[in-house]
**Q** 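Below is a structure I'd like to ask you about.
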Amino acid sequence: MPQGRPEHVPDDGLTTRQRRHRPLVIVHTGPGKGKSTAAFGLALRAWNQGWPIGVFQFVKSAKWRIGEETALRVLGESGEGGTVAWHKMGAGWSWIRRPGTEADHAADAREGWEQIKRDLAAQTYRLYVLDEFTYPIAWGWIDVADVIDALRNRPGHQHVVITGRDAHPDLVEFADLVTEMGKVKHPMDRGQKGQKGIEW
């Protein structure tokens with residue numbers, strides 16, 4: 001197992017062990033593919049550790065069943081690792097703003113965020129995957145200051161990973177770990193649509 005060494009050790013009064021086990025806020029952003037995929041990879045690691053996992057999908061159709069959802073639900077029900085709860089808010093693809101339905105989507109997103117705040121207060125999960133959560137923040141449906149305040153003050157040992165393009169600069173500044181997925185090439189650039197086993 002590689003032994004990583006931090007480049008800088010802050011003078012924060014914490015022991016190495018305390019600092020190592022500090023809960024993280026993680027953001028996967030950028031124009032490239034793989035943001036959600038990486039977050040669900042973290043969920044697999046969390047499941048293996050026996051952690052309860054809460055997945056909250058924003059601006060994706062409730063009818064759309066993705067491969068990670070099926071796999072993580074089966075694993076969560078297996079009794080071998082952690083439990084998995086999967087919640088969907090809003091509808092439609094994140095890059096398609098459907099006219100006439102924005103108020104409903106905004107209300108769904110806000111209620112989803114309120115549920116996350118309740119779960120954080122109750123320490124319901126050890127890992128939260130807030131998939132495509134950058135979009136309702138960017139669209140003004142959810143206040144970024146409220147998000148940062150809730151994450152800063154969350155009790156216990158709860159990790160949160162947020163995915164989506166165009167993460168708000170304040171969220172990027174606040175997060176402990178930020179990865180920007182860059183696109184070099186994508187089949188959609190040549191007119192090819194998503195396909196089974198790759199996109200879902």
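Index from 1, following the sequence. Since this is a predicted model, take the numbers as computed values, not measurements.
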**Q** Which ring-ring contact (aromatic ring centres under 6.0 Å, His included) pairs, counting each pair once, include a residue from residues 159-183, with sequence neighbours left out?
**A**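 Non-adjacent pairs meeting ring-ring contact (aromatic ring centres under 6.0 Å, His included): W51-H159, H157-H159.
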**Q** Enter the distance from W86:CH2 to L72:CG here, rounded to the nearest 0.5 Å.
**A**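 Those atoms lie 5.5 Å apart.
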**Q** What pairs with S78 under side-chain contact (heavy atoms from CB on, under 4.5 Å), at least two apart in sequence or on another chain?
**A**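 Scan of S78 (side-chain contact (heavy atoms from CB on, under 4.5 Å), adjacent residues dropped) gives W47, E80.
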**Q** Sequence neighbours excluded, which residues qualify as salt bridge (charged side-chain N to carboxylate O under 4.0 Å, His left out) partners of D170?
**A**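 With neighbours one apart ignored, the set is empty.
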**Q** Would you compute the distance between atom CG of D176 and atom CG of L151 and round it to the nearest 0.5 angstrom?
**A**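 Nearest 0.5 Å value for the CG-CG distance: 10.0 Å.
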**Q** Taking side-chain contact (heavy atoms from CB on, under 4.5 Å) as the test, write out the residues that go with D143, two or more places apart.
**A**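 Here the qualifying residues are A145, D146.
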**Q** Which residues pass the side-chain contact (heavy atoms from CB on, under 4.5 Å) test with R45, not counting sequence neighbours?
**A**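 Here the qualifying residues are L42.
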**Q** For I53 and A43, work out which heavy atoms get closest and say how close.
**A**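 Heavy atoms only, the tightest pair is CD1-O, 3.2 Å.
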**Q** Would you name the heavy atoms of T29 and G164 that are closest together and state the gap between them?
**A**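 T29 and G164 have their closest heavy atoms at OG1-O, 2.7 Å.
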**Q** On a heavy-atom basis, which atom in Q192 and which in Q195 lie closest, and how many Å separate them?
**A**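 Closest heavy-atom pair between Q192 and Q195: NE2-NE2, 3.1 Å.
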**Q** Would you call T37 and E68 a side-chain contact if the rule is heavy atoms closer than 4.5 Å?
**A**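 The answer is yes; the side chains approach within 4.5 Å.
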**Q** State which residues pass side chain to side chain donor-acceptor pair (under 3.5 Å) with T163; sequence neighbours excluded, sorted by chain then number.
**A**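 For T163, the residues satisfying side chain to side chain donor-acceptor pair (under 3.5 Å) (neighbours in sequence not counted) are D131.
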**Q** Nearest 0.5 Å, what's the OG1-CG distance between T70 and L75?
**A**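 Reported to 0.5 Å precision, the distance equals 11.0 Å.
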**Q** Partners of R118 by side chain to side chain donor-acceptor pair (under 3.5 Å), sequence neighbours excluded?
**A**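 Result, side chain to side chain donor-acceptor pair (under 3.5 Å) vs R118: E111, Q115.
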**Q** Hey, what's the ring geometry for Y135 with W139, parallel, tilted or perpendicular (30° and 60° as the breaks)?
**A**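 It falls in the tilted class, 30° to 60°.
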**Q** Do any pairs count as a salt bridge (Lys or Arg N to Asp or Glu O under 4.0 Å) and have a residue in residues 182-192, sequence neighbours left out, and if so which ones?
**A**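 Checked against salt bridge (Lys or Arg N to Asp or Glu O under 4.0 Å) - neighbours excluded - the pairs reaching residues 182-192 are K183-D189.
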**Q** Q49 versus R126: any side-chain heavy-atom pair under 4.5 Å?
**A**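 No, side chains not in contact.
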**Q** Please enumerate all residues that pass side-chain contact (heavy atoms from CB on, under 4.5 Å) together with A150, with sequence neighbours excluded.
**A**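 Here the qualifying residues are W113, K117.
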**Q** Quick one: list whatever passes ring-ring contact (aromatic ring centres under 6.0 Å, His included) with H186, sequence neighbours left out.
**A**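 Here no residue qualifies.
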**Q** Does one hydrophobic cluster hold both M181 and F133, with members joined at side-chain heavy-atom distances below 4.5 Å?
**A**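 Each belongs to a different hydrophobic cluster.
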**Q** Does the side chain of E132 come within less than 4.5 Å of Q57's, by heavy atoms?
**A**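 Not in contact.
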**Q** Give a yes or no on whether the backbone of Y128 and the side-chain of Q158 come within a donor-acceptor separation of less than 3.5 Å.
**A**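 No, because the side chain of Q158 does not come within donor-acceptor range (under 3.5 Å) of the backbone of Y128.
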**Q** What is the distance from atom OG1 of T83 to atom CD of E77, rounded to the nearest 0.5 Å?
**A**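 Spacing of OG1 (T83) from CD (E77) equals 10.5 Å.
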**Q** Side chains of H28 and V161: does their closest heavy-atom pair fall under 4.5 Å?
**A**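 Answer yes - side chains close enough.
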**Q** Which residue pairs pass the salt bridge (Lys or Arg N to Asp or Glu O under 4.0 Å) test when at least one of the two sits in residues 30-44, sequence neighbours left out?
**A**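 Every pair satisfying salt bridge (Lys or Arg N to Asp or Glu O under 4.0 Å) with a residue in residues 30-44: K33-E199.
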**Q** Grab the two heavy atoms, one from G156 and one from P23, that are nearest each other, plus how far apart they are.
**A**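 Shortest heavy-atom separation between G156 and P23 comes out as O-CG, 3.9 Å.
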**Q** Taking everything shown except D166 itself, do over 12 heavy atoms lie less than 6.0 Å from its CG?
**A**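 No, the 6.0 Å shell around CG holds no more than 12 heavy atoms from other groups.
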**Q** In this structure, which one of D149, I116, V25 forms a side chain to side chain contact (heavy atoms under 4.5 Å, CB included) with R154?
**A**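 Filter result, single survivor: V25.
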**Q** Is it true that E114 and R110 have a side-chain N and a carboxylate O under 4.0 angstrom from each other?
**A**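 Judged by the 4.0 Å cut-off on N to carboxylate O distance, E114 and R110 do not form a salt bridge.
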**Q** By the salt bridge (Lys or Arg N to Asp or Glu O under 4.0 Å) test, which pairs, at least two apart or in different chains, include something from residues 155-164?
**A**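 Every pair satisfying salt bridge (Lys or Arg N to Asp or Glu O under 4.0 Å) with a residue in residues 155-164: there are none.
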**Q** Flag the pair Y125 / F56 as yes when at least one side-chain heavy-atom distance between them is below 4.5 Å, and no otherwise.
**A**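 Side-chain contact under 4.5 Å: yes.
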